[in-house]
Number of protein chains: 4
Amino acid sequence: MSGNTLGKLFAVTNFGESHGPAIGCVIDGCPPGMALNEADIQPDLDRRRPGTSKFVTQRQEPDRVEILSGVYEGRTTGTPICLLIRNQDQRSKDYSEIAQTFRPGHADYTYWRKFGIRDPRGGGRSSARLTAPTVAAGAVAKKWLLERYGTTFRGCMTHVGDLAIGFESWEHVPNNPFFAPVADVTPIEDYMNALRKSGDSCGARVRVTAQRMPVGLGEPLYGRLDADIAQAMMGINAVKGVEIGDGFASVAHRGSQHGDSLLPGAVFESNRDGGVLGGISSGQDLEVAIGIKPTSSILVPRASLNTAGEPVEIITKGRHDPCVGIRATPIAEALLALVVMDHALRHRAQCGDVRLEFPPA
Amino acid sequence: MSGNTLGKLFAVTNFGESHGPAIGCVIDGCPPGMALNEADIQPDLDRRRPGTSKFVTQRQEPDRVEILSGVYEGRTTGTPICLLIRNQDQRSKDYSEIAQTFRPGHADYTYWRKFGIRDPRGGGRSSARLTAPTVAAGAVAKKWLLERYGTTFRGCMTHVGDLAIGFESWEHVPNNPFFAPVADVTPIEDYMNALRKSGDSCGARVRVTAQRMPVGLGEPLYGRLDADIAQAMMGINAVKGVEIGDGFASVAHRGSQHGDSLLPGAVFESNRDGGVLGGISSGQDLEVAIGIKPTSSILVPRASLNTAGEPVEIITKGRHDPCVGIRATPIAEALLALVVMDHALRHRAQCGDVRLEFPPA
Amino acid sequence: MSGNTLGKLFAVTNFGESHGPAIGCVIDGCPPGMALNEADIQPDLDRRRPGTSKFVTQRQEPDRVEILSGVYEGRTTGTPICLLIRNQDQRSKDYSEIAQTFRPGHADYTYWRKFGIRDPRGGGRSSARLTAPTVAAGAVAKKWLLERYGTTFRGCMTHVGDLAIGFESWEHVPNNPFFAPVADVTPIEDYMNALRKSGDSCGARVRVTAQRMPVGLGEPLYGRLDADIAQAMMGINAVKGVEIGDGFASVAHRGSQHGDSLLPGAVFESNRDGGVLGGISSGQDLEVAIGIKPTSSILVPRASLNTAGEPVEIITKGRHDPCVGIRATPIAEALLALVVMDHALRHRAQCGDVRLEFPPA
Amino acid sequence: MSGNTLGKLFAVTNFGESHGPAIGCVIDGCPPGMALNEADIQPDLDRRRPGTSKFVTQRQEPDRVEILSGVYEGRTTGTPICLLIRNQDQRSKDYSEIAQTFRPGHADYTYWRKFGIRDPRGGGRSSARLTAPTVAAGAVAKKWLLERYGTTFRGCMTHVGDLAIGFESWEHVPNNPFFAPVADVTPIEDYMNALRKSGDSCGARVRVTAQRMPVGLGEPLYGRLDADIAQAMMGINAVKGVEIGDGFASVAHRGSQHGDSLLPGAVFESNRDGGVLGGISSGQDLEVAIGIKPTSSILVPRASLNTAGEPVEIITKGRHDPCVGIRATPIAEALLALVVMDHALRHRAQCGDVRLEFPPA
């Protein structure tokens with residue numbers, strides 16, 4: 001499986017460049033018979049798309065998804081589902097200058113070293129725009145998991161830069177442009193306004209969760225559920241850290257304090273392990289957190305080199321997110337759903353005949 | 001590829017149970033012609049093996065590796081290398097009691113729910129003992145990467161429980177049983193002695209690094225180098241968090257401060273991104289940290305259930321690590337080497353003809 | 001990797017249905033830096049497309065390919081190449097009747113049993129139309145292999161039904177609509193005219209070859225070059241047999257007669273093994289033959305069942321190939337090129353450092 | 001997945017060399033809970049093992065299989081099953097001469113060209129001895145498929161060299177050393193005796209079948225059941241041709257004659273397609289035939305080269321099969337079972353929820 005495919009049985013192959021004709025993905029392995037049309041996918045794309053507030057990139061992209069295959073008379077047929085999104089707001093300009101220089105902390109340099117060539121238009125393949133097809137595929141996985149197991153996925157931003165947002169309620173998340181789980185987002189707005197004026201960027205921390213999880217998903221040794229979640233999350237642009245459950249806080253725990261004891265009725269007394277034990281889902285909520293670094297495309301001048309190895313000063317103009325973490329919530333949700341979906345199919349392949357009477361009522 | 005295989009081109013398939021006849025792995029895809037014998041592998045196994053100090057499990061296992069295939073007259077042939085380690089200290093005892101109960105925070109419950117059956121002897125397949133074949137395979141990868149690219153791998157423990165160890169020098173690491181990069185390990189010994197007396201366990205934080213890295217390894221979108229590192233690390237028993245470079249600290253950074261600028265001579269002014277930009281190695285050192293939770297097998301009594309759903313009290317006697325993080329360093333090194341190795345082969349498959357004149361002298 | 005992806009490193013994911021909006025594929029893993037545009041791909045599509053003579057289906061499809069990604073300023077970038085072909089001549093009609101019945105010898109029945117649903121429009125996913133994206137991907141592989149190794153691919157039809165065509169010269173192949181390697185195709189025309197009048201269909205035998213092959217491609221045990229060629233060929237619609245080299249004729253050979261002896265100058269005295277020894281390419285021409293069954297969509301009435309299990313009589317009207325083997329030549333060439341391409345990349349991944357002084361001049 | 005792994009979900013990784021310490025395989029993905037011990041596997045190994053008659057190699061190998069993992073208290077646990085067979089009759093001798101020369105028509109040359117090194121002892125990795133672990137893995141698959149679906153696998157030799165054996169009854173197959181489905185094997189014995197005296201070798205044709213097949217197995221486009229069968233069969237040592245159903249005879253058929261019509265009661269009127277329609281199993285018997293070339297290791301002197309490119313004359317002494325096809329029957333059965341097993345798991349992963357009321361009683 002090459003680098004642009006995620007998943008083994010529910011396999012999503014992503015293609016496209018930021019300013020090419022189109023971006024999209026092919027989903028291979030979707031179970032047949034599920035009702036599906038564009039309206040099932042568009043809402044998650046709308047949550048991720050640019051231009052929806054002044055705090056994100058002002059690029060205007062409707063991100064309309066088109067289903068090209070795999071659906072007949074409104075139902076999945078079990079054959080590959082191609083989802084296509086045409087690029088529209090690719091501003092025509094001269095890229096010759098930036099094509100020869102490397103933004104500090106950006107993929108410009110490494111793509112060029114790896115491939116000997118790169119598409120510099122809007123970041124080309126390394127643009128966060130390529131998360132859109134992932135979000136679209138995630139919507140398909142979410143729908144199946146909801147119908148089959150009742151599983152739901154939610155996420156929120158818990159920190160922006162050095163500002164801790166806190167958690168009040170999931171219900172606030174859709175009511176503000178930050179995916180913040182708080183009623184009053186004035187502090188976030190102030191923080192972001194100051195940031196934008198400085199021409200700088202900042203990081204973010206995002207939490208994502210799955211509820212009503214099936215028990216038994218994950219394949220030790222290497223194909224553990226938490227391992228595959230970590231893989232998917234660390235693969236999101238700008239993510240530098242991943243935690244499951246209590247994450248790094250577990251380092252300072254005692255064993256007597258950490259363990260998620262099973263109590264009568266098959267209830268766990270805590271969920272410090274974030275829904276995964278020994279690499280297999282326990283049925284508790286999946287709890288994942290990711291740390292996102294600040295965007296490298298900023299207005300502050302930076303030292304760098306060009307392809308001839310000569311020193312240059314870089315200022316990245318154009319339309320960029322001052323905090324890519326703001327739009328990361330639906331992306332992380334989608335990836336979590338894709339990993340769970342893949343493991344749900346893998347699990348029933350091997351263990352579809354396992355029958356246990358536990359847990360008791 | 002099923003759940004017990006790691007890697008796509010340098011593919012390691014792991015097998016065995018803690019108290020079965022043997023554990024081992026098959027390495028498929030090793031380049032031919034490399035000098036290899038057991039003495040190349042044994043040292044890393046010895047660093048990981050149990051019973052080497054009073055701070056780790058007292059199980060006595062020589063962990064002697066035997067090469068069963070893939071080597072002829074002391075050189076790899078390019079065919080699968082089977083590495084076998086016979087289990088020796090499998091104490092015979094009655095497992096019928098623990099076979100019916102679930103240790104809190106342990107894989108006991110999830111294995112049983114997934115498979116409907118589990119091997120309870122010493123944790124069976126979920127035992128950290130199964131990291132031994134991974135370490136053995138990692139030694140093969142390390143040797144090739146050193147010979148081919150000069151790449152080296154090192155690791156150390158930086159925190160044990162809530163005790164910050166600090167970093168003085170890599171040279172101290174082999175001189176103490178904790179893989180601690182400090183000259184005086186008395187505080188660690190005191191900490192561990194107190195922990196053992198309490199019958200409890202604690203977590204740890206481990207750092208691992210690769211130096212003299214080739215540039216260009218990693219396959220965006222999903223097969224990024226950092227994503228695959230995260231996958232491998234989160235798959236180590238008891239790991240709950242992974243960071244690349246500055247990790248979660250990046251959340252509070254400003255973009256103007258975070259970016260690793262390229263300076264004349266192709267030198268980077270910092271390495272906040274831990275050697276990976278856009279999912280591709282930059283040539284800087286890989287910097288990875290993992291957070292490990294406390295062992296769930298402790299002498300402190302805990303509430304739990306049995307397979308009939310009835311409440312029970314659990315005390316885990318027997319030979320266990322009070323801090324599994326102590327032996328995690330060689331494991332994390334091995335996994336980092338395996339991921340780099342796989343991507344080194346993947347990179348030359350696709351980009352073997354790329355020739356650039358950069359960087360200048 | 002799911003069922004709609006071919007290849008491990010040069011991975012082609014195919015999507016689409018015969019009468020859906022579009023068909024296409026995504027190529028992941030193409031080496032960067034190769035000049036590529038639509039004009040490199042269109043000629044092979046034109047060789048395969050319908051409506052080019054009265055002996056094939058009269059469906060009119062220009063089969064214009066559009067490159068949606070992976071190419072920048074006329075060169076491959078190493079990122080996924082999406083190739084899209086819009087369907088145009090999807091005649092609107094009532095499919096409700098055929099949707100409930102099964103053509104004898106056709107995928108109608110098995111798709112329905114497998115998925116519980118099927119797209120009946122023109123055969124949906126089971127249509128031979130889905131070979132078009134394969135042919136398009138094959139053109140990309142052919143180009144790279146020609147530029148990198150000088151390897152070329154050719155094919156021809158050697159039998160149509162019970163008529164043996166014979167072999168005169170490769171130069172005749174492009175001069176007739178049958179891919180026949182003979183100057184005078186009158187017997188074939190007469191044969192096909194009689195067949196069309198009868199409303200029946202017939203099979204064909206096709207030969208395909210690769211010349212100037214690199215030595216050393218193929219991965220025993222299971223990933224042999226000939227095994228992967230057999231997989232690809234047997235996957236073509238209606239193919240029921242595959243031979244490498246002398247194929248089934250080898251059964252009656254003596255060992256003393258069969259072996260391809262190496263003679264001074266590294267010349268082989270024969271090529272009975274068709275360019276593969278022990279699963280690895282020998283440098284001789286690859287020689288492959290496939291046997292294709294007659295089309296199941298015919299005007300002759302047949303007994304069958306409907307989805308209610310009731311007996312029905314079936315006559316397949318509409319536009320169909322009386323001999324699908326006629327258009328199979330470019331398809332088989334494409335698949336051979338795709339398999340060789342994948343193994344060329346796999347080989348240099350593992351064995352890129354092997355240097356031998358053989359063969360002598 | 002590297003070249004020594006077969007299958008995607010029931011994944012068999014093969015290792016070992018003909019004269020190394022051991023050969024074996026790791027089965028990853030076996031469903032849990034199935035009763036399994038060595039006695040379930042040994043009979044198929046005994047059918048394949050050498051030295052059982054004067055018509056096969058006289059190497060004496062008991063081929064005792066040892067289960068090293070994946071089974072607890074006589075049941076599969078769902079974790080990897082390692083099967084080990086120690087080599088015993090590795091006659092010590094000087095291989096230095098044959099190590100420098102290439103047997104005509106043998107893998108000697110291509111292994112050397114690919115890897116730059118080869119294990120010459122008894123053919124090393126290219127020896128047909130490496131089919132033993134495949135046969136062992138196949139026995140596990142056969143057991144599960146029999147218990148789960150009632151599916152059975154059988155094979156027989158139908159031609160040896162230019163002698164057509166004919167088919168009388170399956171019941172004769174176990175009663176003679178040729179796997180011949182006839183009561184009187186005198187003609188075969190005479191044929192083989194004459195062959196052995198001549199120091200030459202011959203080919204064979206083998207038929208293999210699966211009965212009581214589940215409907216719906218196979219994943220078009222590229223992962224068709226017949227395609228994967230062809231891959232597995234062509235990967236057997238010395239196989240040069242594969243047919244499904246009527247195979248190459250289909251070329252001369254008319255469509256009106258070929259199609260397997262469905263009749264009331266969901267009965268097919270014929271099985272020309274060999275149990276596969278559109279790449280998916282129809283529920284009819286799988287019918288597969290393979291053509292095997294004569295052994296290249298013969299006593300007749302042949303011209304060849306050495307590694308210096310100089311002409312040499314080769315006579316292969318030692319213990320070799322004059323007709324490798326004789327022992328091919330259990331190998332082909334095993335591979336057919338492995339492919340069906342893998343697809344059975346893949347099918348229920350994707351289509352586990354499909355419920356149809358067809359066929360009617």
Side-chain angles (χ1 to χ4, degrees), chain A residues 3-4 6 14 104-105 107 110 113-114 116 126 159 162 200-201 203 205 215-216 219 221-224 226-227 230-231 234-235 240-244 247-248 250-256 258-262 264 277-278 280 282 291 293-296 298 300 303-305 309 311 354 356 360, chain B residues 3-4 6 14 104-105 107 110 113-114 116 126 159 162 200-201 203 205 215-216 219 221-224 226-227 230-231 234-235 240-244 247-248 250-256 258-262 264 277-278 280 282 291 293-296 298 300 303-305 309 311 354 356 360:
Chain A
N4 293 284
L6 184 75
N14 184 306
T110 50
R113 288 297 301 270
K114 181 179 188 67
S126 72
H159 295 73
D162 50 0
D200 213 336
S201 62
R205 182 183 169 99
V215 189
E219 292 181 357
L221 229 70
Y222 303 119
R224 293 171 202 249
D226 42 1
Q231 205 266 354
M234 195 66 92
K240 303 303 289 186
V242 180
E243 294 183 314
I244 309 284
F248 282 96
S250 311
V251 170
H253 290 169
R254 286 288 176 275
S256 56
H258 182 92
D260 301 327
S261 284
L262 261 175
L277 290 171
I280 300 171
S282 65
K293 73 171 186 174
T295 321
S296 51
I298 53 178
V300 180
S304 188
L305 297 182
V354 173
L356 291 173
Chain B
N4 294 282
L6 184 75
N14 185 305
T110 50
R113 288 297 303 267
K114 181 179 188 67
S126 71
H159 295 73
D162 51 358
D200 213 336
S201 63
R205 182 183 169 99
V215 189
E219 292 181 358
L221 224 71
Y222 303 119
R224 293 170 201 247
D226 43 0
Q231 204 267 356
M234 196 66 93
K240 303 304 289 186
V242 180
E243 294 183 316
I244 309 284
F248 282 96
S250 311
V251 169
H253 289 169
R254 285 288 176 277
S256 55
H258 182 92
D260 301 328
S261 283
L262 261 176
L277 291 171
I280 301 171
S282 66
K293 73 170 185 174
T295 322
S296 50
I298 54 177
V300 180
S304 189
L305 298 182
V354 173
L356 290 174

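Sequence lines set the chain letters: A, B, ... in the order given, protein chains first and strands last, and positions in each chain run from 1. Bear in mind the structure is a predicted one, so any value in this text is a computation, not a measurement.
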Highest number of heavy-atom pairs under 4.5 Å with chain B: which of [options]?
{"options": "Arg254(A), Arg224(A), His253(A), Glu243(A)", "answer": "Arg254(A)"}
{"options": "Gly278(A), Gly235(A), Gly291(A)", "answer": "Gly235(A)"}
{"options": "Ser304(A), Ser282(A), Ser261(A), Gly247(A)", "answer": "Ser261(A)"}
{"options": "Gly241(A), Ala107(A), Gly223(A)", "answer": "Gly241(A)"}
{"options": "Asp162(A), Leu262(A), Asn14(A)", "answer": "Leu262(A)"}
{"options": "Pro264(A), Pro294(A), Gly105(A)", "answer": "Pro294(A)"}

Residue among [options] with most heavy-atom pairs under 4.5 Å to chain A:
{"options": "Ser126(B), Gly116(B), Ser201(B)", "answer": "Ser201(B)"}
{"options": "Gly203(B), Ala252(B), Ala227(B)", "answer": "Ala227(B)"}
{"options": "Ala230(B), Gly216(B), Gly255(B)", "answer": "Gly255(B)"}
{"options": "Asp200(B), Asp260(B), Val300(B), Val354(B)", "answer": "Asp200(B)"}

*Examine whether an atom of His258(A) lies under 4.5 Å from a heavy atom of chain B, and if so say whether it belongs to the side chain, the backbone or both; otherwise answer neither.*
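His258(A) touches chain B through side-chain heavy atoms alone.
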
*Separation of Gln231(A) CD from Asp226(B) CG (nearest 0.5 Å)*: 9.5 Å

*What distance separates Ile244(B) CD1 from Lys293(A) NZ, expressed to the nearest 0.5 Å?*
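NZ of Lys293(A) is found 12.0 Å from CD1 of Ile244(B).
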
_Structural part of Ser296(B) lying under 4.5 Å from a heavy atom of chain A_ = neither

*With only heavy atoms counted, which part of Val215(B) is less than 4.5 Å from chain A, the side chain, the backbone, both or neither?*
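Answer is side chain: those atoms of Val215(B) sit under 4.5 Å from chain A.
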
Nearest heavy-atom pair of [X] and [Y]: which atoms, and what distance?
{"X": "Leu221(B)", "Y": "Asn4(A)", "result": "N-OD1, 2.8 Å"}
{"X": "Val251(B)", "Y": "His159(A)", "result": "CG1-CB, 4.1 Å"}
{"X": "Thr110(B)", "Y": "Leu277(A)", "result": "OG1-O, 2.8 Å"}
{"X": "Lys114(B)", "Y": "Ile280(A)", "result": "CD-CD1, 3.8 Å"}

